[in-house]
Undergrad: 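Below is a structure I'd like to ask you about.
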There are 2 protein chains.
Amino acid sequence: MKYFTNACPAPGAGLILPRVKKSGRIIIPRKTIYRLSIYLRCLARLKENGLDTVSSEALAKAAGVKPTQLRKDLACFGTFGTRGLGYDVTELSSRIADELGTSRLQPVILVGVGNLGLALLSYRGFEKEGFEIIAAFDANPRRPRNKQIAQPILGMDVMPKFIAEHGVKMAILSVPAPSAQEVANHLVECGVAGILNFAPIVLTVPEDVMANNVNLAIELENLSYFIRE
Amino acid sequence: MKYFTNACPAPGAGLILPRVKKSGRIIIPRKTIYRLSIYLRCLARLKENGLDTVSSEALAKAAGVKPTQLRKDLACFGTFGTRGLGYDVTELSSRIADELGTSRLQPVILVGVGNLGLALLSYRGFEKEGFEIIAAFDANPRRPRNKQIAQPILGMDVMPKFIAEHGVKMAILSVPAPSAQEVANHLVECGVAGILNFAPIVLTVPEDVMANNVNLAIELENLSYFIRE
DNA sequence: AAGCGTTTGTGAAATATTTCACAATATTTC
DNA sequence: GAAATATTGTGAAATATTTCACAAACGCTT
């Protein structure tokens with residue numbers, strides 16, 4: 001049986017991989033964390049289809065990896081399978097969700113309400129995944145006409161207060177490249193610990209802050225390399 | 001000097017890494033390809049700032065990697081530096097662009113004009129990176145009110161003809177998850193060789209087709225893991 | 001044109017990740 | 001309840017990637 005697929009995760013996930021250092025906890029490789037998210041989504045689909053248990057072979061196939069890799073990934077934080085049978089779908093889901101820290105709803109803010117920022121605001125895909133964009137900020141906070149945006153769009157000046165009051169730990173950064181580093185610094189000062197960066201620059205952040213980059217142009221460029229004949 | 005940064009590339013980039021098999025050409029690791037894209041963007045910024053030459057140390061710092069890694073990456077496809085001086089910014093840019101296949105403009109189509117698809121259509125960031133979304137397709141191709149979309153929005157039925165006529169090799173897939181695999185199959189049949197998939201499922205595609213995934217929820221989930229205290 | 005200071009390019013070492021192979025252990029069948 | 005079947009968990013091997021260390025090569029200065 002072949003498990004090969006050309007599918008690969010989103011763009012940035014493989015570039016710079018600082019070691020995962022969690023004081024007192026077992027180190028889980030960065031790539032494993034990404035795969036855990038994928039397993040979680042596959043498990044959700046299996047549950048919808050009424051399956052109670054799943055083997056590593058079946059789940060691995062759904063996730064596009066090899067069964068041994070799946071088992072090694074899970075071994076990083078416990079053993080929950082039943083030999084001869086497989087994994088309990090519900091139990092495995094909740095253990096992975098616990099491990100990822102997504103078992104509770106995370107408030108997220110968005111900074112930079114331009115073209116892309118606006119699109120992300122109106123995108124409803126986050127909610128059912130445990131995240132909610134609760135507000136947006138922009139240097140020029142005018143509400144766009146003709147758009148059904150549920151979230152308030154606020155000025156940058158009220159951002160520190162808002163972050164503190166709502167305990168915001170994660171931000172989506174969709175400002176233009178030239179101001180991205182400056183805004184990121186501002187976010188870090190306010191206590192934000194995770195930044196999802198859409199600006200096409202390499203952010204420099206303190207060691208205890210995590211910045212993930214999503215760069216659509218780089219994704220396309222990557223494709224264009226592989227499709228050359 | 002420290003080069004450490006928590007910045008990392010977009011989500012999917014590191015999960016499943018099939019070996020790069022290019023008949024007759026030297027194998028370049030997938031991660032190297034991603035970094036080449038980053039170097040290219042850093043070089044563009046350096047050129048804007050009027051620099052003619054750059055050392056591996058300076059460029060690596062800008063890209064958030066170590067100098068040795070940058071040199072090893074470049075060594076995959078030639079030697080262009082001048083010892084004691086560094087690299088010629090313009091020459092290195094064009095060599096990398098050649099290698100990535102972005103020296104010429106690539107026509108791209110978008111399939112699935114929902115919330116996210118619409119956002120990507122109105123996003124102007126691709127053009128200056130060598131890509132142009134020349135048309136969009138949707139099962140229900142109505143033109144959105146109140147939106148300045150330059151591209152035609154066409155029905156799925158005319159897609160095969162369009163792809164053939166315009167020599168389209170790359171597609172952005174932003175349809176809902178349940179229909180993503182089916183549409184992907186359709187694209188592959190039409191001759192599309194590279195798919196940038198925004199649907200939250202693992203696409204199965206033939207070996208000679210490349211599918212890169214961008215999953216914003218997974219990116220957020222990844223952040224949430226690292227910011228747990 | 002010789003010497004000095006810099007910076008590349010690269011073999012080798014170190015590290016990380018994936019895959020293999022199989023023992024251990026459960027379920028199912030008869 | 002014993003045998004057959006299935007599937008996990010994991011040490012070890014294989015593979016891949018990153019980093020080191022340094023020789024080679026160039027520009028610049030005098």
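Letters A, B, ... are given to chains in the order of the sequence lines, protein chains preceding strands, and every chain is numbered from 1. Computation of the quantities below employed the complete heavy-atom set of this structure, encompassing side-chain atoms and omitting hydrogens, waters and symmetry-equivalent molecules.
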Undergrad: What's the CD1-P distance between B:Ile28 and D:dT18, to the nearest Å?
TA: 14 Å
Undergrad: Can you sort out the partners of B:Ala177 under side-chain contact (heavy atoms from CB on, under 4.5 Å), two or more places apart, ordered by chain and number?
TA: B:Pro200, B:Ile201
Undergrad: Go through the side-chain N and O atoms of B:Asn197 and B:Asn212 and say whether any donor and acceptor fall under 3.5 Å apart.
TA: no
Undergrad: How would you list, by chain and number, every residue that makes a side-chain hydrogen bond (donor to acceptor under 3.5 Å, both in side chains) with B:Ser37, sequence neighbours excluded?
TA: A:Glu221
Undergrad: Figure out the CZ/P separation between B:Arg30 and C:dT18, and round it to whole Å.
TA: 13 Å
Undergrad: The side chain of A:Lys72 lies closest to which of these nucleotides: C:dT7, D:dT18, D:dT10?
TA: D:dT10
Undergrad: Could you list all the side-chain hydrogen bond (donor to acceptor under 3.5 Å, both in side chains) pairs where at least one residue sits in residues 85-96 of chain B, not counting sequence neighbours?
TA: none
Undergrad: Taking side-chain hydrogen bond (donor to acceptor under 3.5 Å, both in side chains) as the cut-off, I'd like each qualifying pair that reaches into residues 44-55 of chain B, sequence neighbours left out, listed once.
TA: none
Undergrad: Can you list everything that forms a side-chain hydrogen bond (donor to acceptor under 3.5 Å, both in side chains) with A:Gln106? Sequence neighbours excluded, please.
TA: none
Undergrad: Rounded to the nearest 0.5 Å, what's the gap from OG1 on B:Thr68 to CD on B:Glu57? Could you check?
TA: 10.5 Å
Undergrad: Quick one, which residues of residues 84-92 of chain B touch DNA chain D with a heavy atom under 4.0 Å?
TA: B:Gly84
Undergrad: How does DNA chain C look in dot-bracket form if you count Watson-Crick and G-U pairs under 3.5 Å, write [ ] for pairs that cross, and put | where a base pairs with another strand?
TA: ||||||||||||||||||||||||||||||
Undergrad: Could you give the CZ-to-P distance, from B:Phe80 to D:dC26, as a whole number of Å?
TA: 16 Å
Undergrad: How long is the line joining CD of A:Glu57 and P of C:dC20, in whole Å?
TA: 13 Å
Undergrad: Rounded to whole Å, please give me the gap between OH in B:Tyr34 and P in D:dT17.
TA: 14 Å
Undergrad: Just list the side-chain donor-acceptor pairs under 3.5 Å for residues 188-195 of chain B, sequence neighbours left out, or say none.
TA:
none

Undergrad: Expressed as a whole number of angstroms, how long is the span from A:Lys31:NZ to D:dA16:P?
TA: 11 Å
Undergrad: Check the distance between D:dT8's C1' and A:Gln69's CD and give it to me in whole angstrom.
TA: 16 Å
Undergrad: Report yes if the side chains of A:Ile33 and A:Glu99 come closer than 4.5 Å at any heavy-atom pair, otherwise no.
TA: no
Undergrad: Taking the minimum atom-to-atom distance to the side chain of A:Ala75, which one of D:dT18, D:dT10, C:dT18 wins?
TA: D:dT10
Undergrad: Who pairs with B:Phe126 by ring pair (Phe, Tyr, Trp, His ring centres under 6.0 Å), at least two apart in sequence or on another chain?
TA: B:Tyr123
Undergrad: Closest to the A:Ser56 side chain: D:dT8, D:dT17, C:dT8?
TA: D:dT8
Undergrad: Does D:dC26 have OP1 or OP2 sitting under 4.0 Å from an N or O in the side chain of B:Thr82?
TA: no
Undergrad: For B:Ala62, what residues pass the side-chain contact (heavy atoms from CB on, under 4.5 Å) criterion, not counting sequence neighbours?
TA: B:Cys42
Undergrad: Shorter than 3.5 Å, N or O on both sides, protein versus nucleotides 21-24 of chain C: list them out with atom names.
TA:
unit_1	atom_1	unit_2	atom_2	d
C:dA24	N3	A:Arg83	NH1	2.6

Undergrad: Does B:Tyr39 have any side-chain hydrogen bond (donor to acceptor under 3.5 Å, both in side chains) partners at least two apart in sequence or in another chain, and if so, which?
TA: B:Asp73
Undergrad: Using whole Å, report how far CG of B:Leu70 lies from C1' of D:dT17.
TA: 15 Å
